[in-house]
Amino acid sequence: MTVLVTGGAGYIGSHMVWKLLDEGEDVVVVDRLSTGFEWAIPAEAELVVGDIADQDLVESTMKRRDVDAVIHFAGSIIVPESVADPLGYYLNNTVKSRALIESAVRAGVPHFIFSSTAAVYGSNDGAPVVEEAPTLPESPYGTSKLMTELMLRDAAAAHPFAYTALRYFNVCGADPKGRTGQSTRGATHLIKVACETATAKRPFMEIFGTDYPTPDGTCIRDYIHVWDLAEAHLLALRRLRAGGTSLIANCGYGTGYSVLQVIDAVRRVVGHDLDVRISGRRPGDPASIVANSERAQREFGWRPKLDDLDTIVTHALRWEEALKRRNS
Ligand code: UDP
């Protein structure tokens, strides 16, 4: 029995591969290495370099390795890029996922875990979001992920196949053991940008908007440690293997931090000030998004262990230093 991880050379995927190996699982990665890094994949996992929509390659891999579960991370993830190139996002995230789901059905793979996103929800009043909240994505990125959730729903109704779609909130941090982290170049995410500023990879950073209706005027997000997120996938996998039915579950901590609170944590952990400049609002940023993740806790016993901002920042900073050494 082997777990097939798509996008295993990427940020969240590489953490998943380490987590599975730590648990004694056999792993095969399918990744075309467009944004991921071969060095991010541990030697104990087989790497098949190729496209998730290459059905001959994927189905022969599933059969050859006796795959019983797919964990699907491969895809494009930059919201503004999806606005500029919606058809590219529908191709990468929706059309290729359709091919992958079909391959799983054809090869008789019974379990499928999908990397979905809080971007499937519309804006709300800042109250913790439950899974039943209306799905009104505000970007092609969110829509492309929601369409894949719908394909999974219908495929699971028609075929002997069950899925779990995990809707991630703001994923950050790095492997506590320092084996992998977020390595993507040109990253735009707040904690990554703040850590790049703290390690002098960029001279300054900006805060996008200080006039939001929040206590300090900056946006509030639910930052989830990538290792806790990988743990959620592992538990979801165990639940499916134990006969669990298809499920959609949020992955966040239910606690929100403002942009200023995050930057303060980085200052605190690194022990020096950062050059932070106030800038205007970034288009499309909702004031506040926080998860209600009771379902993940109830359905597969997820218990966050690294839900502390200073811990997240410590791990993210440590990885940023390691990357600096690797690239110098
Ligand atoms: N943000 C910021 N400066 C940056 C990057 C992000 O002020 O350099 C803000 C952004 O406007 C948002 C929050 O940080 O309010 C989280 O943004 P991020 O891109 O990390 O994740 P998102 O919530 O957009 O998926």
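Numbering of ligands and ligand atoms starts at 1, following listing order.
- Interface atoms of ligand 1 facing Asp285, defined by a heavy-atom separation under 4.0 Å, are 10 (C), 11 (O), 12 (C), 15 (O), 24 (O).
- With ligand atoms numbered from 1 in the order given, ligand 1 contributes 15 (O) to contacts under 4.0 Å with heavy atoms of Cys219.
- Less than 6.0 angstrom separates the ring centroid of Trp39 from the ring centroid of Phe37.
- The N/O atoms of Leu190, backbone and side chain alike, include one that comes under 3.5 Å of an N/O atom in ligand 1.
- The shortest contact between atom 4 (C) of ligand 1 and any protein heavy atom is with Phe208 CE1, 3.4 Å.
- A cation-pi arrangement is present between Arg277 and Phe204, with the terminal nitrogen or guanidinium carbon under 6.0 Å from the aromatic centre and inside a 45° cone about the axis.
- Stacking of Arg281 on the aromatic ring of Tyr212 is recorded, both the 6.0 Å distance cut-off and the 45° axial limit being met.
- When only non-hydrogen protein atoms are considered, atom 23 (O) of ligand 1 lies nearest to Arg221 NE, 2.7 Å.
- In terms of protein heavy atoms, atom 24 (O) of ligand 1 is closest to Arg282 NH2, 2.8 Å.
- Contact annotation: for Glu206 versus ligand 1, heavy atoms closer than 4.0 Å belong to the backbone alone.
- The shortest contact between atom 9 (C) of ligand 1 and any protein heavy atom is with Val259 CG2, 3.8 Å.
- Judged by distance alone, with hydrogens and angles left aside, the side-chain atoms of Asp175 form no donor-acceptor pair with the main-chain N or O of Gly181 at under 3.5 Å.
- Residues His233 and Phe73 place their aromatic rings such that the two centres sit under 6.0 Å apart.
- For a threshold of 3.5 Å applied to N or O pairs, the pair formed by His189 and ligand 1 contains no separation below that value.
- The closest approach between Tyr223 and ligand 1 falls below 4.0 Å for a heavy atom of the residue.
- At the top of the distance list for atom 21 (O) of ligand 1, counting protein heavy atoms only, stands Asn170 ND2, 3.0 Å.
- Using a 4.0 Å cut-off to heavy atoms of Ile207, the atoms of ligand 1 that qualify are 7 (O).
- When non-hydrogen atoms are compared, ligand 1 lies under 4.0 Å from neither the backbone nor the side chain of Ile289.
- Looking only at distances, no side-chain donor or acceptor of Asn292 sits under 3.5 Å from a matching main-chain atom of Val129.
- In this structure, atom 5 (C) of ligand 1 lies nearest to the protein heavy atom Thr188 O, 3.4 Å.
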